[in-house]
Amino acid sequence: MSAENRRAMIVHAVLPLLIEHGANVTSSQIARAAGIGEGTVFRAFKDKDELFDACTAEALRPDHVLDAIAEIPVDQPLEDRLVEAAETLGAHLERMGALMSALHASGRIKHRDPEQGQRGSWKGGRRESMAAIRGAMVELFTPEKERLRLPPEQLATLFLTLLFGGRRLSPDVDAPTTRQVVDFFLHGAVEVG
């Protein structure tokens, strides 16, 4: 196995442990999860800090969510496409949030310039990541562009704003389902008829 593949394998094995234990995860837990010896872990990473940085960068990468959105069939109804995309994005956000919460709770979060992005993160940072997600969403709107009131680019931005903004509500609020958010986005708040 190449050094790069070994590092990736370790990161994927350790991510669930970090979400569960935060930075308090032990070297032996890491080695067991990866199915390797502790020495192998530290031949791939100089220390736990470097491993945790690699895990954080992996969790922040939008590649998996972009691949999942690209696989959504554009021949299904727009509403179904948007629900599928919203659920995919929601799962991505929950995973990132769970990791960040666990790392913060265990005292591991380092404060960084939000415009710089996480060291080693996807193509430079948050701005590029959001642009890529927006571009993927544009592709879901494009087949309907003749029927849409606004260009697909604007609708993708509005949809993501509504979707991500709703995630900031406190947990005690009766949050709408994903399908309700999509229905509201497509049909508005006022009954017609």
Side-chain angles (χ1 to χ4, degrees), residues 11-13 15-22 55-105 109 114-115 117-118 121-193:
V11 164
H12 287 281
L15 265 170
L17 287 176
L18 280 178
I19 290 170
E20 184 178 345
H21 302 286
C55 289
T56 303
E58 176 62 25
L60 295 176
R61 289 168 47 109
D63 297 23
H64 303 294
V65 76
L66 291 172
D67 290 345
I69 292 171
E71 291 176 11
I72 296 172
V74 293
D75 60 347
Q76 67 179 332
L78 179 59
E79 182 172 355
D80 294 339
R81 280 181 263 161
L82 294 179
V83 167
E84 198 171 330
E87 288 173 350
T88 298
L89 287 162
H92 176 66
L93 290 175
E94 285 178 27
R95 177 180 162 190
M96 286 190 320
L99 177 63
M100 294 302 138
S101 292
L103 290 175
H104 179 69
I109 293 291
E115 293 305 312
Q118 188 78 8
S121 68
W122 189 82
K123 294 183 184 173
R126 189 171 131 207
R127 188 171 296 181
E128 290 82 2
S129 176
M130 285 306 301
I133 290 171
R134 180 178 170 268
M137 292 303 300
V138 168
E139 295 301 316
L140 295 181
F141 283 103
T142 298
E144 313 290 331
K145 72 179 178 181
E146 300 305 319
R147 297 182 16 197
L148 300 173
R149 291 178 43 211
L150 296 172
E153 295 78 13
Q154 283 183 311
L155 289 172
T157 299
L158 288 168
F159 183 72
L160 290 171
T161 300
L162 178 64
L163 187 63
F164 291 154
R167 301 244 175 233
R168 294 189 181 121
L169 295 174
S170 63
D172 58 338
V173 173
D174 188 20
T177 66
T178 301
R179 191 157 293 276
Q180 287 171 324
V181 170
V182 170
D183 182 68
F184 173 78
F185 177 78
L186 291 175
H187 307 292
V190 178
E191 286 286 338
V192 178

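Excluded from the calculations below are hydrogen atoms, water molecules and symmetry mates; all remaining heavy atoms, backbone and side chain alike, are included. Quantities reported herein were computed from a predicted structural model and do not represent experimental measurements.
Side-chain contact between Ile69 and Val65 is present, with heavy atoms from C-beta onward closer than 4.5 Å. Proximity of Glu58 to Leu99: side-chain heavy atoms (C-beta onward) are nowhere separated by under 4.5 Å. Contact annotation: the side chain of Leu82 never approaches that of Leu163 to less than 4.5 Å [non-hydrogen atoms, C-beta and beyond].
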(message) Could you go through Leu89 and Leu160, starting from their C-alpha distance and side-chain angles, then the distance that decides it, and tell me whether this counts as side-chain contact (heavy atoms from CB on, under 4.5 Å)?
(response) CA-CA 9 Å; Leu89 287 162; Leu160 290 171; 3.7 Å; yes
(message) Let's go through Leu140 and Phe159 carefully: what are the C-alpha distance in whole Å and the side-chain angles of both, what is the deciding distance for side-chain contact (heavy atoms from CB on, under 4.5 Å) to 0.1 Å, and is it a yes or a no?
(response) CA-CA 11 Å; Leu140 295 181; Phe159 183 72; over 6 Å; no
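Considering only residues two or more places apart in sequence or on other chains, Asp80 meets the side chain to side chain donor-acceptor pair (under 3.5 Å) condition with Arg179.
Minimum interatomic distance between Ala102 and Ile19 (heavy atoms only, all atoms of both residues): CB-O, 3.4 Å. Across all non-hydrogen atoms, the minimal contact from Cys55 to Leu15 is O-CD2, 3.5 Å.
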Distance-only check: which donor-acceptor pairs under 3.5 Å involve side-chain atoms of residues 143-154, not counting sequence neighbours?
from   : atom 1 : to     : atom 2 : distance (Å)
Glu144 : OE1    : Arg147 : NH1    : 3.0
Glu144 : OE2    : Arg81  : NH2    : 2.4

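Between atom CG of residue Leu78 and atom CG of residue Leu186 there is a gap of 5.5 Å, rounded to the nearest 0.5 Å. For the atom pair CG (Leu158) and CG (Leu162), the distance works out to 8.5 Å, reported to the nearest 0.5 Å. Separating the CG atom in Leu93 from the OG1 atom in Thr88 is a distance of 11.0 Å, to the nearest 0.5 Å. Considering CZ of Phe141 and CE of Met137, their distance stands at 5.0 Å, rounded to 0.5 Å.
The side chain to side chain donor-acceptor pair (under 3.5 Å) pairs that include a residue from residues 134-143 are Arg134-Thr157, where partners are two or more places apart or lie in different chains.
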